[in-house]
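When a residue number appears, it is its place in the shown sequence, counting from 1. For the numbers below, each heavy atom of this structure counts, side chains included, while hydrogens, waters and symmetry mates do not. Both counts, for ligands and for their atoms, begin at 1 and track the order of listing.
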Amino acid sequence: MSEVSSLKREVFTSKFGVIAAAAGSAVGLGNIWKFPYITGVYGGAAFLFVYLGFIVLIGLPVMLSEFIIGRKSGSNIFGAYKSLAPNSPWKLVGLLGLAAAGMILAFYGVVAGWSIDYVVKACSGSFMEKNPTELSLMFTNFIQAPFTPVIYQLLFMILTMAIVGVGIKDGIEKYAKILMPLLVVLIIVLDIRAITLDGAGEGLKFLFHPDFSKLTAEGVLSALGHAFFSLSLGMGTLVTYGAYIDSSNNLAKTAVQVTVADTLIAILAGVAIFPAVFAFGIEPSSGPGLVFITLPNVFQQMPGGFFFSILFFLLLTVAALTSSISILEVVVAYFKEELKIQRKLATIISTVIISIIGIFCSLSMGILEEHKLFDLNFFDLLDWVSANMLLPLGGLFISLFVGWYLGKDKVKEELSKGSVVVKYLLSVFIFLIRYVAPVAIAIVFLNGIGIINFA
Ligand code: TRP
């Protein structure tokens, strides 16, 4: 027990620390790798606008709800429902979150491993003097080769384990405070380079000029799924972190700041990538390889590209690390507090299980490519099921729990710690979390998986 309470004391020593850690969780591969490529796959600006709508109307209220559940209970995702809703099935929502955490981290580690490999490639100057086709081949050959990607994936998982194993306190808070601002600076530098490329206008138009006729039901579902994924919502990451936030913190303000930071970085990543995609004649819908193929093209063109390419993939790795830690922490906090397994052992057990699932994800890019379910390989299946099904479902339950089970008075009580509650904002929040979020999630979800049919 003492370990549990000492953990709570250690983490998040300042307001900026809270934001940096939560933004560290939110900003990750989702923003820089996944957002640009799914925006490409689903047709560009129209997808972006739907995504932004979901961020404001659903993402922000759900984030605040997760913080409320976390701080109010002071527990892991399972323990939180157990203590706030004793003797009820609500704790099953916690189990759903644990499943999502395992699935997400499994494929997340694979992509983060690619990112480490690209740091190495950048250092050895492998991008230089290659044309877009060669860069594209280099990527495909790499992810299909059975061993190297697995080694890098395991390396990344070990890094994640090492940090979570000693507790996230000083390490993660400190890293996040330095590396997040640096990441922003780098993306802006890349943006400037990208928008000054010949033919950049096409890319910006693709990103900002919506053609809603291109939007499909699956695109809308993916926009919702990605809003959850990018903000780290729907499975209890921010419930877990919320438990480490002290009562002097203004939760609403923190939620707004984290949401804004996450969204801005995603858009900046899009601006860095799409102009280059169009300028170099790469398909915007080329999928998961998009950033690994287009950015090396950009680096070749820019002064100091060698240096910036190293820094970029290093920071992509670090951004992934501050996110993967937050995902692993969900599982570890559960093992530690509910199953009373000591932190170190809990960390090792969860890392091993998740890494094994991850190896299959990695292999499904190459030697296991033929094994498909619903036309998706194992990697895409875990990504799709977790982001588009488990996270929205988790978000639905979280909004019902806070809007209906806890209700306005308890929400007000929690939010008045560390801030003065503005009456009309509280009413807006309650309205969004009670009606708008659950109804919208339910409709988009049922429509997206084809049970009802609006579009
Ligand atoms: N938000 C992170 C990203 O964009 C990934 C992540 C961390 C996550 N914690 C999560 C995704 C919880 C879903 C749920 O890369």
Side-chain angles (χ1 to χ4, degrees), residues 20-39 51 54-55 58-59 62-63 65-67 69-70 76-77 93-94 96-112 114-115 156 160 163-164 168 172 176 179-180 183 187 222-242 255 258-259 261-270 288 291 315-334 350 354 382-395 397-398:
S25 170
V27 174
L29 297 172
N31 305 62
I32 302 165
W33 162 73
K34 197 173 177 192
F35 169 76
Y37 99 68
I38 57 174
T39 304
Y51 171 73
F54 285 147
I55 289 281
I58 301 175
V62 172
M63 181 183 292
S65 302
E66 289 209 17
F67 281 152
I69 296 174
N76 68 87
I77 175 72
V93 180
L96 190 73
L98 287 171
M103 290 165 80
I104 290 176
L105 192 50
F107 75 83
Y108 206 83
V110 174
V111 182
W114 298 348
S115 180
F156 180 81
T160 306
I163 297 176
V164 174
I168 46 179
I172 187 165
L179 292 164
M180 286 297 139
L183 182 76
I187 287 189
S222 293
L224 179 70
H226 189 64
F228 280 104
F229 187 91
S230 189
L231 294 173
S232 297
L233 301 176
M235 66 172 222
T237 297
L238 297 181
V239 171
T240 308
Y241 272 17
V258 172
T259 303
D262 185 71
T263 308
L264 271 182
I265 291 186
I267 292 176
L268 288 176
V291 357
L315 283 166
L316 182 61
T317 309
V318 171
L321 196 56
T322 53
S323 300
S324 63
I325 290 164
S326 73
I327 306 176
L328 189 60
E329 179 64 20
V330 170
V331 185
V332 170
Y334 165 78
S350 27
I354 294 169
L382 286 198
D383 181 357
W384 201 90
V385 170
S386 57
N388 293 357
M389 301 190 77
L390 299 186
L391 299 183
L393 267 185
F397 288 127
I398 287 164

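When atom types are taken as modelled, the side chain of T322 and the backbone of G24 share a donor-acceptor pair closer than 3.5 angstrom. Formation of a donor-acceptor pair under 3.5 Å by the N388 side chain with backbone atoms of V385 is not found in this model. Side-chain atoms of S230 never come within 3.5 Å of backbone atoms of H226 as a donor-acceptor pair (strictly under, hydrogens ignored). Of the possible donor and acceptor atoms, none in the side chain of S323 sits under 3.5 Å from a partner among the backbone N and O of A26.
Close approach of ligand 1 to I104 (heavy-atom distance below 4.0 Å) involves ligand atoms 13 (C). Of all atoms in ligand 1, numbered sequentially from 1 with element shown, those under 4.0 Å from a heavy atom of I327 are 6 (C), 7 (C), 9 (N), 10 (C). Ligand 1 places these atoms under 4.0 Å from at least one heavy atom of L29: 15 (O). Of all atoms in ligand 1, numbered sequentially from 1 with element shown, those under 4.0 Å from a heavy atom of G28 are 3 (C), 4 (O), 15 (O). Taking every non-hydrogen atom of L391 and a distance limit under 4.0 Å, the qualifying atoms of ligand 1 come out as 13 (C). Remark: ligand 1 atoms within the under-4.0 Å shell around heavy atoms of S326 are 7 (C), 9 (N).
Residue G30 places at least one N or O, backbone or side chain, under 3.5 Å from an N or O of ligand 1.
At the shortest separation from atom 15 (O) of ligand 1 among protein heavy atoms lies Y108 OH, 2.5 Å. Protein heavy atom at the shortest distance from atom 2 (C) of ligand 1 is S25 O, 3.1 Å. Residue, atom and distance of the protein heavy atom nearest to atom 9 (N) of ligand 1 are S232 OG, 3.1 Å. The protein heavy-atom contact nearest to atom 12 (C) of ligand 1 is T237 OG1, 3.1 Å. Closest protein heavy atom to atom 11 (C) of ligand 1: F229 O, 3.2 Å.
M235 pairs with exactly one of L390, L98, I327 by the side chain to side chain contact (heavy atoms under 4.5 Å, CB included) rule, that one being I327.
Ring orientation note: the planes of F107 and F229 are close to parallel, at an angle under 30° on the 30°/60° scale.
Summarising the geometry of S324 relative to F156, their closest heavy-atom pair is OG-CZ, 3.2 Å, with the distance given to 0.1 Å. For the pair A387 and P392, the tightest heavy-atom approach, listed with the atom from each and the gap, is O-CD, 3.0 Å.
Within the structure, the closest approach of A26 to ligand 1 falls below 4.0 Å when heavy atoms are considered.
Separation of atoms OG1 (T160) and CG (L328) is listed at 7.0 Å; rounding is to 0.5 Å.
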